[in-house]
2 protein chains.
Amino acid sequence: MSFRMERPLDELDWRILAELQGDGRLSFKELGRRISLSPPAVAERVRRLEQAGVISGYRAQVEPGRAGYPLTAFVEMRCSLGKCLLKTSRAEDYPEVVEIHKVSGDRCAMLKVRTASLEHFEGVQERLGNHGEIRSTVVLSTQYEGRPVEPPAEDFLRASRSEGWRR
Amino acid sequence: MSFRMERPLDELDWRILAELQGDGRLSFKELGRRISLSPPAVAERVRRLEQAGVISGYRAQVEPGRAGYPLTAFVEMRCSLGKCLLKTSRAEDYPEVVEIHKVSGDRCAMLKVRTASLEHFEGVQERLGNHGEIRSTVVLSTQYEGRPVEPPAEDFLRASRSEGWRR
DNA sequence: CGTGAAACTTGCCAATT
DNA sequence: AATTGGCAAGTTTCACG
């Protein structure tokens, strides 16, 4: 399915990714116009990015707040032995959990949860609590989410880059 | 720009959202076929969902790991007075920060960060540390992320849900 | 909300530079 | 490897029932 990318992404690839992350339904014609390339040329590049798994799909972005889930929270799990959420539950059991990350440290997972209300969240929290200790952080507001993946700084002159990182 | 939805989402709306979250480039014809509705009818519904802000856009999904950012981490900020990240910095200053949430509790923000390496992350952490105390959690692996927004449980028998989640 | 037809746009393939 | 041209297919969108 997912072939390796023989060559790292060049500037044109990144420009394609930038455009497609902004509008995933651009036609090859329009996309080619924006990055100054012919439709067949962009088509081949996009196909290559897809096969390499860099582009994993095209999706409509749904605003959770407008779709009945105004409340977002992070829940860190420190599961008890034999009760680990990851091993005793499945995705269908927790539709409210939209992200699951296994993490370092003494905790075992970081969850992002979306609920319809505080009451709803309370219920989810109780159910998650059956697996072990939990630590919840309720989101008050979100500055941004789903920021596009950008090219590495060293590949381009990026005027806004203020300070370099240590090596 | 963003009008309110006069009526809550009905079953057809949710089926449209499910399909479009699975493939954002479906034609009205194919989309209509899948939910048993005529192309003009779905087009109208989709347009309404867009104008209501439920669908905020269509984007290509880029796999950060395949695009040079294999490392994900969460960083909780407890900013010092007058040095709050949210007030002293701009998005361009931290391209590695892909999410910013203001949160409850004694912390002020939860960040999701993507970097090219541990060294890169170390640098970001140092820079963020200038704003105050930070608490970092490195992601070891991700079960899933970007799970589709689903209809509230009470509205449907969940049997009709067919789309799989990523990973 | 469904159907049908017209017009547009797109994607694809060939040949060329 | 990328550009140009043309053709075929699909899609959108309108008017009407």
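Note that the structure is a prediction, hence the values are computed from the model and not measured. Atoms considered below: every heavy atom in the structure, side chains included; atoms not considered: hydrogens, waters and symmetry mates.
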Checklist entry - How far does the helix from C:dG2-D:dC16 to C:dT17-D:dA1 bend, going by the axes of its first and last five pairs, to the nearest 10°? => result 30°

Checklist entry - Could you give the start and end, 5' to 3', of the contact zone on DNA chain D for chain A, using atoms under 4.0 Å from its heavy atoms? => result D:dA2 to D:dT4

Next on the checklist: Both conditions, 6.0 Å and 45 degrees, for the charged tip of A:Arg25 above the ring of B:Tyr58: are they met here?
Outcome noted: yes

Checklist entry - Does CD in B:Glu30 sit with more than 12 non-hydrogen atoms of other residues, nucleotides or ligands closer than 6.0 Å? => result yes

Next on the checklist: Show, in sequence, the C-alpha distance, side-chain angles and deciding distance for A:Arg48 and A:Glu44, and conclude whether the salt bridge (charged side-chain N to carboxylate O under 4.0 Å, His left out) test is met.
Outcome noted: CA-CA 6 Å; A:Arg48 214 177 301 171; A:Glu44 175 156 351; 3.1 Å; yes

Checklist entry - Taking the inter-plane angle between the rings of A:Trp14 and B:Tyr69 on a 0 to 90° scale, is it parallel (under 30°), tilted (30 to 60°) or perpendicular (over 60°)? => result perpendicular

Item to check | Joint hydrophobic cluster, B:Leu86 plus B:Leu111, side-chain heavy atoms closer than 4.5 Å | outcome: yes

Item to check | Connected-component partners of B:Leu81 among ILVMFWY, side-chain separation under 4.5 Å | outcome: none

Checklist entry - For B:Val103, what are the other residues in its hydrophobic cluster, where any two members join if their side-chain heavy atoms are less than 4.5 angstrom apart? => result A:Phe74, A:Val103, A:Met110, A:Val139, B:Phe74, B:Met110, B:Val139

Next on the checklist: So if I take residues 25-43 of chain A and measure heavy-atom distances to DNA chain C, which residues fall below 4.0 Å?
Outcome noted: A:Ser27, A:Phe28, A:Lys29, A:Pro40

Checklist entry - Is the shortest heavy-atom distance from the side chain of B:Leu31 to the side chain of B:Leu37 under 4.5 Å? => result no

Checklist entry - Is it true that atom CZ of A:Arg135 has more than 12 heavy atoms of other residues, nucleotides or ligands lying nearer than 6.0 Å? => result yes

Item to check | Residue list, side chain to side chain contact (heavy atoms under 4.5 Å, CB included) with A:Cys108, at least two apart or on another chain | outcome: A:Met77, A:Cys79, A:Cys84

